[in-house]
**Q** 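One structure, as structure tokens, below. Some questions next.
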Amino acid sequence: MTASRTGYFTHPECRRHDMGEGHPECPQRLDAIEDRLLITGVADALDRRQAVEASLSDLELAHDRLHLAALQGLEMQLEEQLQAGGPALMHVDADTAMNRHTWTAARHAAGAAIAATDAVMAGELENAFCAVRPPGHHACRAQAMGFCFVNNVAVAARHVLDRHGLQRVAVVDFDVHHGNGTEDILAGDPRVLMVSFFQQGLYPFSGDVPRGDNMLNVPVPAYSRGLQVRELIEQYWVPRLEAFQPEMIFISAGFDAHREDDLGQLGLVEQDYAWITQRLRGIARQHAKGRIVSCLEGGYNLGALARSVEAHVRALADL
Ligand SMILES: [Zn+2]
């Protein structure tokens with residue numbers, strides 16, 4: 001048997017971040033994915049690797065030092081609060097909270113994206129999926145928001161540009177929500193092309209007007225189905241990606257545009273995620289030696305999330 005060409009990066013610390021009972025961005029999301037990949041046998045075909053923690057200098061590739069210091073400070077405040085018998089959570093916005101493990105989890109999530117990037121650049125893997133949380137694409141250069149603290153994909157994209165010397169990378173975001181954090185960090189960087197679709201009028205209520213020439217945002221009306229989204233991808237994303245000729249593709253892989261996901265009102269299903277992934281894989285093979293690093297973002301219906309990740313990973317691994 002030949003070694004697997006698709007990596008699967010995760011870390012137990014990513015499970016310990018918990019924003020409280022009933023929060024949709026919950027540790028069980030990772031359990032659902034793991035279970036599904038195990039029971040279907042897909043896990044056997046992947047090269048499973050443990051993430052390492054990102055350093056502050058890694059995170060500073062995409063974030064203000066003050067933002068990182070603030071997260072670190074909040075973690076310390078939380079420890080003191082807990083020792084004084086206070087609450088276990090500290091909110092950074094209405095629906096985003098830190099517990100005592102959040103900062104460590106966030107560093108392992110970004111560390112997974114970096115480790116996956118290094119393994120792909122070294123030729124050990126063709127592509128990789130990072131099953132990590134907290135997610136990243138709403139995390140701005142200087143602000144945590146929307147369940148996100150550190151922008152895993154933006155950190156890894158800057159890592160490969162600044163440290164591996166690539167000239168052009170594409171960031172593809174198919175989460176139902178606009179990746180405002182990634183846009184905040186990467187808009188105006190001519191080495192990056194970001195293409196995305198997202199449900200119009202949904203949180204974080206941005207994206208209709210792109211913040212840079214290197215951003216291609218495709219707002220999609222609520223209740224659109226997969227075939228409509230596929231047509232928009234062919235029409236808008238593919239020509240720009242082909243013209244840009246990325247040397248590597250990063251995917252912000254959110255699965256909340258799924259028909260069964262209540263956080264959005266789009267109608268994608270597993271086959272759509274398989275199709276999108278195959279399409280990106282074709283582009284990566286043509287221009288980027290197949291190099292793709294995909295990081296989990298949203299996806300809150302546990303069953304739909306698990307099945308969609310399976311479809312995505314099967315397409316990455318040619319299963
Ligand atoms: Zn989302």
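These numbers were taken from a predicted model, which means no experiment stands behind them. When a ligand or atom number is given, it counts from 1 through the structure's own listing order.
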**Q** So, are R100 and E79 salt-bridged, with charged N and O less than 4.0 Å apart?
**A**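 Looking at E79 together with R100, the answer is yes, because their closest N to O distance falls below 4.0 Å.
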
**Q** May I ask you to check whether Y273 and F255 place their ring centers less than 6.0 Å from one another?
**A**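 Yes - the distance between ring centres of Y273 and F255 falls below the 6.0 Å cut-off.
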
**Q** So which of the N, O or S atoms of D175 lies nearest the Zn ion (ligand 1)?
**A**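 It is OD1, the N, O or S atom of D175 closest to the Zn ion (ligand 1).
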
**Q** Need the atom name: nearest N/O/S atom of H177 to the Zn ion (ligand 1).
**A**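 Closest N, O or S atom of H177 to the Zn ion (ligand 1): ND1.
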
**Q** Is the Zn ion (ligand 1) under 2.8 Å from any N, O or S atom of E297?
**A**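 Looking at E297, which is the residue asked about, there is no N, O or S atom under 2.8 Å from the Zn ion (ligand 1).
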
**Q** Tell me if a side-chain donor or acceptor on H63 pairs with a main-chain N or O of R141 at a distance below 3.5 Å.
**A**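 Yes.
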
**Q** Considering only N, O or S atoms, which atom of D256 is nearest to the Zn ion (ligand 1)?
**A**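 For D256, the N/O/S atom sitting closest to the Zn ion (ligand 1) is OD2.
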
**Q** Among R259, R307, R314, H312, exactly one meets side-chain hydrogen bond (donor to acceptor under 3.5 Å, both in side chains) together with E270. Which residue is that?
**A**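 Going through the options one by one, the only one that passes is R307.
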
